[in-house]
Chemist: 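Pasting in a structure now, in structure tokens, and then I'll have a few things to ask.
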4 protein chains.
Amino acid sequence: MDFNEKQIQILKVAEKLFAEIGFDGTSVRHIAKEADVNVAMISYYFGSKEKLLEALLLYRVADFKMELETVMVQNLPHVEKLDALVSLMVNRIHRNRRTHKIINYEYTNTCRQIDFDAYVEQKKDSLGIIEAFVKDGQNKGVFKTDVHTKLLGATVIGTYFQVYNNKPFYKKLLGLDSDEAFENYMLTSLTQHIQQTIKSLLLNEK
Amino acid sequence: MDFNEKQIQILKVAEKLFAEIGFDGTSVRHIAKEADVNVAMISYYFGSKEKLLEALLLYRVADFKMELETVMVQNLPHVEKLDALVSLMVNRIHRNRRTHKIINYEYTNTCRQIDFDAYVEQKKDSLGIIEAFVKDGQNKGVFKTDVHTKLLGATVIGTYFQVYNNKPFYKKLLGLDSDEAFENYMLTSLTQHIQQTIKSLLLNEK
Amino acid sequence: MDFNEKQIQILKVAEKLFAEIGFDGTSVRHIAKEADVNVAMISYYFGSKEKLLEALLLYRVADFKMELETVMVQNLPHVEKLDALVSLMVNRIHRNRRTHKIINYEYTNTCRQIDFDAYVEQKKDSLGIIEAFVKDGQNKGVFKTDVHTKLLGATVIGTYFQVYNNKPFYKKLLGLDSDEAFENYMLTSLTQHIQQTIKSLLLNEK
Amino acid sequence: MDFNEKQIQILKVAEKLFAEIGFDGTSVRHIAKEADVNVAMISYYFGSKEKLLEALLLYRVADFKMELETVMVQNLPHVEKLDALVSLMVNRIHRNRRTHKIINYEYTNTCRQIDFDAYVEQKKDSLGIIEAFVKDGQNKGVFKTDVHTKLLGATVIGTYFQVYNNKPFYKKLLGLDSDEAFENYMLTSLTQHIQQTIKSLLLNEK
DNA sequence: AATGAATGAGCATTCATTCAT
DNA sequence: GATGAATGAATGCTCATTCAT
């Protein structure tokens with residue numbers, strides 16, 4: 001978990017390339033060249049290409065750890081807390097979108113011998129906190145009860161990635177000319193849509 | 001679009017393997033072995049591995065074509081039509097989940113020289129029909145107007161794939177022991193959750 | 001030796017391609033496509049790619065057979081006969097330059113199992129006739145005797161092919177802009193140079 | 001131009017095989033086996049089979065560089081200088097006959113993407129020196145003027161290669177039993193014949 | 001007689017990894 | 001600790017040829 005400068009350099013390049021052209025599509029030579037290190041260094045530092053991916057997961061999963069508690073402890077009305085929660089989730093996913101994309105690609109690949117335990121654990125934790133918050137809101141009569149609580153996270157992240165994974169399509173559909181415009185859209189309108197979606201599900205109309 | 005029996009056999013195996021272990025991770029030898037055909041036959045029939053994927057897209061995209069119109073022309077209340085629409089979408093995606101997954105993997109891979117035009121066109125069509133239906137409902141005062149109509153599809157498909165792509169995680173989370181139970185859950189509870197999500201977004205409380 | 005129309009079509013295409021891109025470099029598919037026949041037809045008609053080359057040799061060697069005798073029997077002074085002889089040789093080589101080039105490529109390739117007997121026989125015959133003519137001239141005191149008679153043919157053909165095989169170089173060196181200009185040069189100036197060369201070797205100055 | 005021992009080993013084997021069985025006919029596996037190196041090493045060292053050939057050309061073209069000037073500056077009568085020149089040319093071609101043969105094969109193959117610039121340049125230089133020498137001899141009245149000076153080189157090299165490329169034929173024709181006898185013939189009688197040819201063309205009888 | 005379908009063998013090349021230094 | 005050199009295995013693909021029809 002404590003990587004030196006050169007290792008981090010490799011991890012960042014690997015993250016970018018894995019996300020862009022896939023794990024299998026990326027050769028260690030490509031990573032080495034882009035990271036301006038010797039080819040052998042990757043095996044030397046990480047043991048293998050697969051272990052490099054595992055190291056990347058460890059490196060990033062620490063970052064996944066959302067400060068959900070930070071939001072939770074705030075003395076905010078449930079509605080506002082919900083918005084803050086969704087916003088935080090989207091922001092976090094967005095920041096680590098590359099690693100998340102890799103995981104989405106590779107997690108169900110049974111041939112791969114990658115240890116996803118840390119990712120799974122973190123995911124379970126996050127969803128647990130959200131579930132508890134929703135339960136609390138339901139107990140207090142603020143949130144509706146006829147909701148698939150365990151699937152709320154899937155809707156948040158799923159909506160985000162459906163747009164992200166079809167970037168060229170949505171850029172055209174939404175009339176977004178540049179990558180910056182797209183990025184901006186993700187963090188404003190899309191986030192707003194997801195917030196609205198979750199609120200619609202949980203809140204009773206006034 | 002008119003493939004013979006052996007070609008279809010190859011296409012099906014390729015679809016499975018591409019979805020399971022990725023396009024790059026799947027070798028033509030693997031496909032050939034699994035499909036019980038000679039390695040050379042894949043190049044012979046499809047020209048190349050990339051063209052095989054393109055053929056697969058063409059083969060399946062024809063199947064994507066949702067009978068949205070069939071639902072649309074039915075003389076149903078907007079609410080029920082909405083449910084039917086979502087149900088149809090989920091079913092269709094589910095049936096072609098493998099090819100959709102491949103597309104989600106490869107569409108943004110700029111290195112790849114794959115022609116996704118047919119897919120994009122079909123996607124645009126589908127979303128167009130949905131958009132028109134929502135617009136109609138809004139004009140008739142049945143649907144709310146403060147909604148990101150263009151993002152509704154992303155929420156439907158995104159939620160589905162977020163669960164599908166994290167199958168082992170959700171099987172555990174939802175206490176689903178077998179693949180059959182998971183599959184069943186996708187087509188019942190998950191579908192229900194997505195229907196509920198979309199309805200919450202569009203319908204005014206009574 | 002009696003080929004039907006389609007076989008001749010194949011032979012001509014094969015000759016062109018073998019000469020242009022070599023025997024190994026030319027695939028039967030390429031020949032089949034260019035000759036607008038089915039791939040299997042080549043094996044069907046000729047047995048194999050190697051046998052196709054042998055058939056080509058047989059087909060052309062018949063054409064190599066110079067009408068040297070025609071020149072020989074003419075009642076011409078030795079000097080003029082010599083010029084006519086060289087001119088005839090160059091013309092004949094030029095007409096069959098493609099097949100000659102292939103032979104020059106493949107004759108010393110010991111791996112190849114090609115039967116060059118007909119070619120060798122024809123070559124021996126031709127050189128024999130020339131040798132006899134030179135001997136006759138020497139006996140009559142018209143030609144010099146201190147000459148490597150057996151090498152005269154090599155000088156004629158060798159000079160021709162050295163220019164032909166370095167066509168782009170000589171086009172530039174000689175300021176020949178087009179293929180037509182080059183071709184014309186081969187049949188005029190180059191022929192003249194070769195005639196002059198042979199005459200210089202054989203004739204005593206006056 | 002600065003190759004290590006193993007690279008030179010590969011180049012020598014490649015030269016031999018390319019000359020014997022052609023560029024297309026020679027597989028990198030064959031070269032690797034004969035040179036007793038790993039197959040991958042050829043790509044590793046030279047990039048590709050085509051680049052291997054280019055490397056070979058560069059490696060040998062340096063060797064083509066005839067010491068024509070050495071002969072030129074000698075204070076010899078023109079006639080003797082002419083003999084020395086031809087002898088030098090034949091010797092040089094003979095030493096590099098393999099690479100020259102490859103070039104003769106491949107130079108006009110337009111499909112091939114080989115850089116022959118160095119070869120062309122060297123050839124131009126050599127012919128230029130010879131031309132200048134002949135011009136000088138003509139100016140001094142030693143050489144005849146009615147000669148295709150630019151074609152003299154073609155006659156020298158062409159005669160050599162016509163014999164070399166038809167080795168089995170000429171061995172039989174000239175009654176040369178062994179390869180050694182043939183080789184010896186090339187460097188004595190054949191050389192003498194070529195010297196005589198060029199002198200006949202250029203010198204006035206006494 | 002003629003051919004589309006099919007195939008095993010071989011191709012050049014790239015891969016992740018190892019190892020001597 | 002770090003690396004250039006080297007490698008066996010695997011890659012996608014093309015080859016000449018065969019064979020059922």
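In what follows, chains are A, B, ... by sequence order, proteins preceding strands, each numbered from 1.
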Chemist: So, is B/Tyr44 near the phosphate of E/dT7, with a side-chain N or O under 4.0 Å from OP1 or OP2?
Modeler: no
Chemist: Looking for any heavy atom pair under 4.0 Å, which part of the strands does A/Ser27 touch: base, sugar-phosphate only, or nothing?
Modeler: sugar-phosphate
Chemist: Please work out if A/Tyr45 contacts a base, only the sugar-phosphate, or nothing of the nucleic acid, heavy-atom cut-off 4.0 Å.
Modeler: sugar-phosphate
Chemist: In whole Å, what is the span from the CD atom of C/Glu50 to the P atom of F/dA16?
Modeler: 11 Å
Chemist: Mind checking who F/dC15 pairs with, Watson-Crick or G-U wobble, both distances under 3.5 Å?
Modeler: E/dG8
Chemist: With a 6.0 Å cut-off on the ring centroids, do B/Tyr107 and B/Tyr119 count as close?
Modeler: yes
Chemist: Between the side chains of A/Asp24 and A/Arg112, is the shortest nitrogen-to-carboxylate-oxygen separation below 4.0 Å, so that they form an ion pair?
Modeler: yes
Chemist: Could you check how far CD1 of D/Ile42 sits from P of E/dT14, rounded to whole Å?
Modeler: 13 Å
Chemist: What is the distance, to the nearest angstrom, from the CG atom on B/Leu17 to the P atom on F/dT11?
Modeler: 12 Å
Chemist: Measure the distance from NZ on A/Lys51 to C1' on E/dT17 and round it to the nearest whole Å.
Modeler: 12 Å
Chemist: If you assign each of C/Phe23 and D/Ala40 to its closest nucleotide in DNA chain F, which residue comes earlier from the 5' end?
Modeler: D/Ala40
Chemist: Tell me, do D/His100 and D/Tyr105 make a side-chain contact under 4.5 Å, heavy atoms counted?
Modeler: no
Chemist: Output the rounded distance in Å from CZ (B/Phe46) to P (F/dC13).
Modeler: 13 Å
Chemist: With a 3.5 Å cut-off and heavy atoms only, can you find an N or O donor on one side and an acceptor on the other between the side chain of B/Arg29 and the base of F/dG12?
Modeler: yes
Chemist: If I take atom NE2 in residue D/His30 and atom P in nucleotide E/dG10, what distance separates them, rounded to the nearest angstrom?
Modeler: 13 Å
Chemist: On the nucleotide E/dA2, are OP1 or OP2 found under 4.0 Å from the side-chain N or O atoms that C/Asn38 carries?
Modeler: no
Chemist: My understanding is that a pair needs two contacts under 3.5 Å, Watson-Crick or G-U wobble. By that rule, which nucleotide pairs with F/dT21?
Modeler: E/dA2
Chemist: Round to a whole Å and report the spacing from CD1 of B/Ile10 to P of E/dA5.
Modeler: 13 Å
Chemist: Could you work out which one of E/dT13, E/dC19, F/dA16 sits closest to the side chain of C/Lys49?
Modeler: F/dA16
Chemist: For D/Lys33 and F/dT7, what is the distance between atoms NZ and P respectively, to the nearest whole Å?
Modeler: 16 Å
Chemist: Could you say whether C/Met41 or D/Ser48 is positioned toward the 5' end of DNA chain E, judged by the nucleotide with the nearest heavy atom to each?
Modeler: C/Met41
Chemist: Between A/Asn4 and B/Gly47, just flag the one whose closest nucleotide in DNA chain F comes earlier from the 5' side.
Modeler: A/Asn4
Chemist: Think B/Lys101 forms a cation-pi with B/Phe161, using NZ or CZ under 6.0 Å from the six-ring centre and within 45 degrees of its axis?
Modeler: no
Chemist: A/Lys49 and A/Thr26: side-chain donor and acceptor closer than 3.5 Å?
Modeler: no
